[in-house]
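To keep things clear, I will list the structure first and then write my remarks on it.
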Amino acid sequence: MSPEELRHGPGLKFSIREGLCIERKPAPCGLVLFGASGDLAARKILPSLQGLSSQGLLPADFFVLGLGRKPVDEAELRSRTPGIKNLHYLHGDYDAAETYQALGRKLKELSGKYDTRGNTIFYLALPPALFHAVTHKLGEAGLLDESFGGWSRVVFEKPFGRDLTSARALAAEIRDHLREPQVYRMDHYLGKDTVQNVLMFRFANSIFEPVWKRTYIDHVQISVLEAEGVGHRAGYYDSSGVLRDMFQNHMLQLLALVAMEPPANFAADSVRDEKIKIFQALKPLTPTASSQSIVLGQYAGYRSEPRVSSGSTTPTYAAMRVEIENWRWQGVPFYLRSGKALLKRSAEIAVVFKHVPHSMFRPLNPSNLEANALIFRIQPEEGVSLTIEAKKPGPKTCIGALTMDFDYAEAFGEHPPESYERLLLDVMLGDQTLFPREDALEETWRFIQPLLDAELPLRSYDPGNWGPAEAERLLGDQGRSWRQP
Ligand SMILES: NC(=O)c1ccc[n+]([C@@H]2O[C@H](COP(=O)([O-])OP(=O)(O)OC[C@H]3O[C@@H](n4cnc5c(N)ncnc54)[C@H](OP(=O)(O)O)[C@@H]3O)[C@@H](O)[C@H]2O)c1
C-alpha cells in the first residue's frame, strides 16, 4: 500500500441527547444604553435584547433607556425594536453634568414605574475615547453608588486602552468609581457557544483531560481569519491594527481557555484565576527583524482604502509562535494567526496531537498516519470535529482520516445564539466568568506591548490568499503546517 492510498472518509455524526441546564434567572433591572444610535447598538445590542425577550429570558421587570447626543423619537425607536416595549430615550452631551442629573431623575422614575429596585446596567457602546469621561461623570453623579440598595454594573466595550500605559490609566479611572464586581469588559468571542465548549469538552468529560498535555499534544493552532478588508471601520482600524484589535484580547483569551488548569468550580474568579496563571506564564516574545516567532503583514491595497493613511504601517495580519512556560505545556508551541482580506472567513482552535510513536502498518511510517486533531470551529459555522485514523471498507488495507463532525446548527436544529445575548444575560445575572478581569488586561498588554514598540518588518500579501508566505515558515521548518480551514 502506498501513502497515496490514504483517503479522507465521509463525516460521521455525533448525536446529542437532551442536556442538563444550570437555571439562570436575572433580577429586575434597567439597562442604560449609551450610544444607542450607534452601529453596535443597532447591529448587536438591541437585536440581542430582542432575542432574549423572545426566549423569555429577560426579567419580567425590565426597561431600556437609550442615551445619545441627538433627540430621538421614542415611538420610532420602539417600532425598530418590537420585542422591547419598555424602551425610553434621553438625550444630552456626554460631558455635561446636567445630562447625568437628568439621567438620575429618569432612572428614579423608570425604576419606580417598572419596579426594577434601582438595579442598573450602564452599557457604554461609545467610542473608547469617551470611556474615561463617562465613567467619571457617572461616578461623580453618584449613579454608580450601590449603597442605596440596587446594584450598578458598567459594561465596557473593547478596546480597553491602546497600550499598557493607557490601559493602566483606564483601569485607574474605573477603580476610582467602581469595584471590580461591577465591571464587565466585553470580549464577544468568549460569549460564543463553541468557545465555551472548550471548557465543557475539557472539564465535563474524562477522556480529553488525561491527554491534554505536552506528552500527547504536538501543538495548538488558533486562527481567526477574515475574508473582508477593513471596510467601514477603516478609520478605527488604521489607528489600531491586528495586534490591538485581535491579539491582546480575543486571541490570548482563547489561548487561556485551551491552556488553563482545571478550575475547582465554574465561578467567575476560579476561572479567571486560572487564566491569569497562563498569561503570567507566557514566554515574552523578543521581537527582532529576524524574529522566528512573529510575522506581521499588510494586504496589498490597504493603503488605498478610504480613511487609511497613504503611508500606513498598520499590520492587518499577524502570526506568532507562543510558548507557555509551565509544567503542562513545556515544549508545546501555540501558533496564533489572525488577519484581514484572506481567502476565507474562518475562526477555529485546532488541538493537534502527536503522531503515533511507531507504525505497525508497514510500509507506512508514523508520519504517514495523520495526527489526530480536535477542532473547535468558532465561525462561520460553529461546531467541533475530531479526526481519527481508521480502516476504509474493502479488501485492501487502506487507512484514512475520518472526521467525526458535530455541527451545532445541524445537531440542535438551530443556529447558536448571538454571543451578545449570552453576555448581556450574564451581566444581568452578575456572572463575570466570561468577562476579562483587570489583572488579565495588565498581563495581556504587558505581553503585546514589546510587539507594538518594535519595528518589525511588514510583509505585503495579496488579498484573497492565506497571508504572507513568511507565516508558513513560522511552522514550516518545524515540520508542521497551518491548517487550511
Ligand atoms: N461596531 C462594531 O462592530 C464593534 C465591535 C466591537 C466593539 N465595538 C466597540 O463598541 C463601541 C461602540 O462602537 P460603534 O461602532 O457603535 O461606535 P459608533 O457607531 O462610532 O458610535 C456609537 C455612538 O457614540 C456616539 N459618538 C460617536 N462619536 C462620538 C464622539 N466623537 N463624541 C461623542 N459621541 C460620539 C454616537 O451617538 P450619539 O451621536 O447618539 O451621541 C454614536 O452613535 C466602541 O467602543 C467600539 O470599539 C464595536
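Residue indices begin at 1 and follow the sequence shown. Counting starts at 1 for both ligands and their atoms, following the listed order.
The ligand atoms of ligand 1 that sit less than 4.0 angstrom from a heavy atom of Gly35 are 23 (C).
Of all non-hydrogen atoms in Tyr184 and Gly430, the two that sit nearest each other are OH-CA, 3.1 Å.
Between Arg185 and Glu180, at least one side-chain N (NZ, or NE/NH1/NH2) sits under 4.0 Å from a carboxylate O, which counts as a salt bridge. Salt-bridge check for Arg78 with Glu74: passed, with a basic side-chain N closer than 4.0 Å to an acidic carboxylate O. In summary, Arg446 and Glu442 engage in a salt bridge, as defined by a charged side-chain N under 4.0 Å from a carboxylate O. For the pair Lys344 and Glu226, the salt-bridge criterion is not met [side-chain N within less than 4.0 Å of a carboxylate O].
Which of Asp93, Leu33, Leu40 comes nearest to atom 16 (O) of ligand 1 through a heavy atom is settled by distance: it is Leu40.
Some N or O of Gly38 is nearer than 3.5 Å to an N or O of ligand 1, by distance alone. Looking at ligand 1, you'll find an N or O of Arg43 within less than 3.5 Å of one of its N or O atoms. Every N/O-N/O distance between Tyr89 and ligand 1 stays at or above 3.5 Å.
Nearest protein heavy-atom contact of atom 7 (C) of ligand 1 is Glu157 OE1, 3.2 Å. The closest protein non-hydrogen atom to atom 43 (O) of ligand 1 is Ser37 OG, 2.7 Å. Ranking the protein heavy atoms by distance from atom 11 (C) of ligand 1 puts Leu126 O, 3.4 Å first. Of the protein's non-hydrogen atoms, Arg69 NH1, 4.2 Å is the one closest to atom 31 (N) of ligand 1. Looking only at protein heavy atoms, the nearest one to atom 27 (C) of ligand 1 is Pro127 CG, 3.4 Å. Protein heavy atom closest to atom 22 (C) of ligand 1, with residue, atom name and distance, is Ala125 O, 3.5 Å. Nearest protein heavy-atom contact of atom 19 (O) of ligand 1 is Asp39 N, 3.0 Å. Of all protein heavy atoms, the one closest to atom 47 (O) of ligand 1 is Lys158 O, 2.8 Å.
Side-chain atoms of Lys340 and Val230, non-hydrogen and from C-beta on, do get closer than 4.5 Å to each other.
Distances from ligand 1 to the non-hydrogen atoms of Phe131 include at least one value under 4.0 Å. Using a 4.0 Å cutoff on heavy atoms, Met186 does not count as a contact of ligand 1. In this structure, Arg233 has a heavy atom closer than 4.0 Å to ligand 1. For Pro159, the closest heavy-atom approach to ligand 1 falls below 4.0 Å.
Between the side chains of Gln298 and Arg303, a donor-acceptor pair is found at a separation under 3.5 Å. For the residue pair Asp238 / Thr314, a side-chain donor-acceptor distance below 3.5 Å is found, with atom types taken as modelled. Between the side chains of Glu382 and Thr194, at least one donor N or O sits under 3.5 Å from an acceptor N or O. No side-chain donor from either of Arg437 and Gln432 sits under 3.5 Å from a side-chain acceptor of the other. In this model, a donor atom of one side chain and an acceptor atom of the other lie less than 3.5 Å apart for Lys158 and His250.
No part of Val72 comes within 4.0 Å of ligand 1, judged by heavy-atom distances. Using a 4.0 Å cut-off between heavy atoms, Tyr94 contacts ligand 1 through its side chain alone, with no backbone atom that close.
Closer than 4.0 Å to atom 34 (N) of ligand 1 lies at least one heavy atom of the protein.
Under the 3.5 Å distance criterion, the side-chain polar atoms of Arg175 are left unmatched by any main-chain donor or acceptor of Leu170.
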